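Since the structure comes first, as structure tokens, the remarks are kept for the end.
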Protein chains: 2
Amino acid sequence: MQTRSASIPSSAKVAAHDRAVGSPANEAQRIGSMLELVASHVPLQRRVVHAGDLIYQAGEGFQRLHLVNAGFFKLINSASDGREQVVALQFRGDWLGFDGIAQGRHGCDAVAMDTGEIWSFSYEALLQASLTQPRLLALVHEAMSREIVRDRDALLSLCTLSADARVADFLHYWADSLARRGLRADQISLRMSRAEIGNYLGMTIESVSRALSRLSARHLIRFAEKGRRDIEIPELGALAAFVQGGSAAGRTLQ
Amino acid sequence: MQTRSASIPSSAKVAAHDRAVGSPANEAQRIGSMLELVASHVPLQRRVVHAGDLIYQAGEGFQRLHLVNAGFFKLINSASDGREQVVALQFRGDWLGFDGIAQGRHGCDAVAMDTGEIWSFSYEALLQASLTQPRLLALVHEAMSREIVRDRDALLSLCTLSADARVADFLHYWADSLARRGLRADQISLRMSRAEIGNYLGMTIESVSRALSRLSARHLIRFAEKGRRDIEIPELGALAAFVQGGSAAGRTLQ
DNA sequence: CGCCCCGTTGATCCTGTTCAACGGTCGTGG
DNA sequence: CCACGACCGTTGAACAGGATCAACGGGGCG
């Protein structure tokens, strides 16, 4: 396996979780017009959900897709022996339910982490509409592709980063996701317990807690006065830099 | 977060990597007819590739998708700081290139691990054809969905399994992938070095080697006489059972 | 108030990493 | 032909990062 040629434009890859072309503002715009386009061509049902609400469940038959209009959602994958893991976090503009297409039944649970709004619609209806609206079809494909890329970035982070760097990367990812959607990213309020974060990152509650303490000691983050779930990020760039520095520094593939 | 209700039919989940509906024979058939359908509706270019050949490269502009007609391929994701990781293994019937749709450029390298045959075709042409062939469109969506599910299963294994179980799960996955395609699974020949396996599983060469030795000592696998890359699996079920037993035994999400 | 859940911190243990040495195989070239 | 070196895989010994076990404080709620 030869090392990849150096001919890749260096701008092609910025950071594992920072790959969008275009600015954050564009991203928010993209999401807005996507929601609009879907809503105008597919009959959908809008639903307000609350923390803990189940959008769909593993094993359940697949018929409908969902779009996040507001709120935060987690996807939980589980094995037959009881192992379960948070495998993805979804924000405004993200789709829920793609995992069900392949086998006609869902492979994950989708759970709301906070109050939010979900737009649900029939997959069949979407397909029908997309036959006359190529732009709609393109959106669906982009969304699925994005999901694949994101999952693989998660895989990369999980395998190559130390516990502290993983936590930093997680915070950076969360903040970045907010920023792209036009929300303020310097002051984030995690909707997850330490247990959930740990599960998502493949580590224990204690390790998450310690990692956060260490990040705080380095002034990469700061805990808001009252809530241990509210975190300030003075300098997003510093956090990203820490992720790279804290990586096994070039654990390359030979 | 409440524990999931017990109302999920237990048959809905068999094992992380063992979720197909239908028998292995059906799967091989599905793949065969899928290849046929694509070939009969999209102009494609067939190409024989050899170990080490690059099908596409991260950063490269996205225009074409690829179908594996024969051989073994790996997808390598890499971060800006040099970290890189094998994030997926692809076999006959798998698609290559979905990661490029979202951003118009590829996010991974796709590399052949052995001699094989790749069918390449324009994504645009595929879209055009799928407008008049709904079955074709369904195939594409199923393939993308399957990819998402697989990535999430990998995430789950990575986070919840011990090193030994991860190696066992990897072997089981490989063997199972062969079996589904109608190939013999009791005697597999890995196309990967220990370094690649370790990278894929998030562990070091030494740990992979030790894990294999321990699996061999338990008679879950046997090394073929001459090659340390040829492995016999007397009982696939035993390997699967070990994965479950070797799991952190219910590292649930609270 | 008492209980439960959440988060933090300390002490100890263990899994997997790191460092190191060694054997086998293959390709190259004297 | 064999010597040499590069590469791959295995195994051992020491180390360390994170898991585990345990104790404690704070907040919300019945």
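The chains referred to below are lettered A, B, ... by the order of the sequence lines, with proteins before strands, and numbering in each begins at 1. Side-chain atoms are counted along with the backbone in the values below, which use heavy atoms only and exclude waters and symmetry mates. Note that the coordinates shown come from a computational prediction; the quantities given were computed from them, not determined experimentally.
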Minimum-distance pair of heavy atoms, taken over all atoms of A:Ser157 and A:Asp169: OG-OD2, 2.9 Å

It should be established whether B:Thr204 places a side-chain nitrogen or oxygen under 4.0 Å from OP1 or OP2 of nucleotide C:dT17. yes

Fit a plane to each ring of B:Phe98 and B:Trp95, take the angle between them on a 0 to 90° scale, and name the class: parallel (under 30°), tilted (30 to 60°) or perpendicular (over 60°). parallel

Euclidean distance, atom CG of residue B:Leu190 to atom P of D:dC8 [Å, nearest integer]: 15 Å

Counting the atoms with a prime plus P, OP1 and OP2 as sugar-phosphate, which does B:Arg166 contact under 4.0 Å by heavy atoms, base, sugar-phosphate, or nothing? nothing

What's the closest nucleotide to the side chain of A:Glu206 if the choices are D:dT10, C:dT17, C:dT9? C:dT9

Do you know which two heavy atoms are closest between B:Val149 and A:Asp99, and how far apart they sit? CG2-O, 3.5 Å

When rounded to whole Å, the CZ to C1' distance for the pair B:Arg229 and C:dT25 reads 12 Å

Quick one: do B:Leu155 and A:Asn77 satisfy side-chain contact (heavy atoms from CB on, under 4.5 Å)? Show the steps, please. CA-CA 9 Å; B:Leu155 227 32; A:Asn77 193 10; over 6 Å; no

Does C:dG7 have its OP1 or OP2 closer than 4.0 Å to a side-chain nitrogen or oxygen of A:Arg210? no

In whole Å, I'd like the distance from the CD atom of B:Glu196 to the C1' atom of D:dG9. 14 Å

Between CE of A:Met203 and C1' of D:dT20 the distance, given in whole Å, is 15 Å

Figure out the CD1/C1' separation between B:Ile221 and D:dT10, and round it to whole Å. 13 Å

How many whole angstroms separate atom CD1 of A:Ile205 from atom P of C:dG10? 17 Å

Of all heavy-atom pairs between B:Val87 and B:Cys108, which one has the smallest distance, and what is that distance? CG2-SG, 4.3 Å

Below 4.0 angstrom from OP1 or OP2 of D:dG17, is there any side-chain N or O of A:Ser162? no

N/O (side chain, B:Ser207) to phosphate O (OP1/OP2, C:dG16) under 4.0 Å: no

Rounded to the nearest angstrom, tell me the gap between atom CG in B:Asn199 and atom C1' in C:dT17. 15 Å

Check the phosphate of C:dT9 against A:Ser213, side-chain N and O only, distance under 4.0 Å to OP1 or OP2. Yes or no? yes

Quick one: A:Ile231 CD1 to C:dG7 P, roughly how many Å, whole number? 11 Å

With a 4.0 Å limit, can you tell me whether A:Arg194 has a side-chain N or O closer than that to the phosphate oxygens OP1/OP2 of C:dC5? no

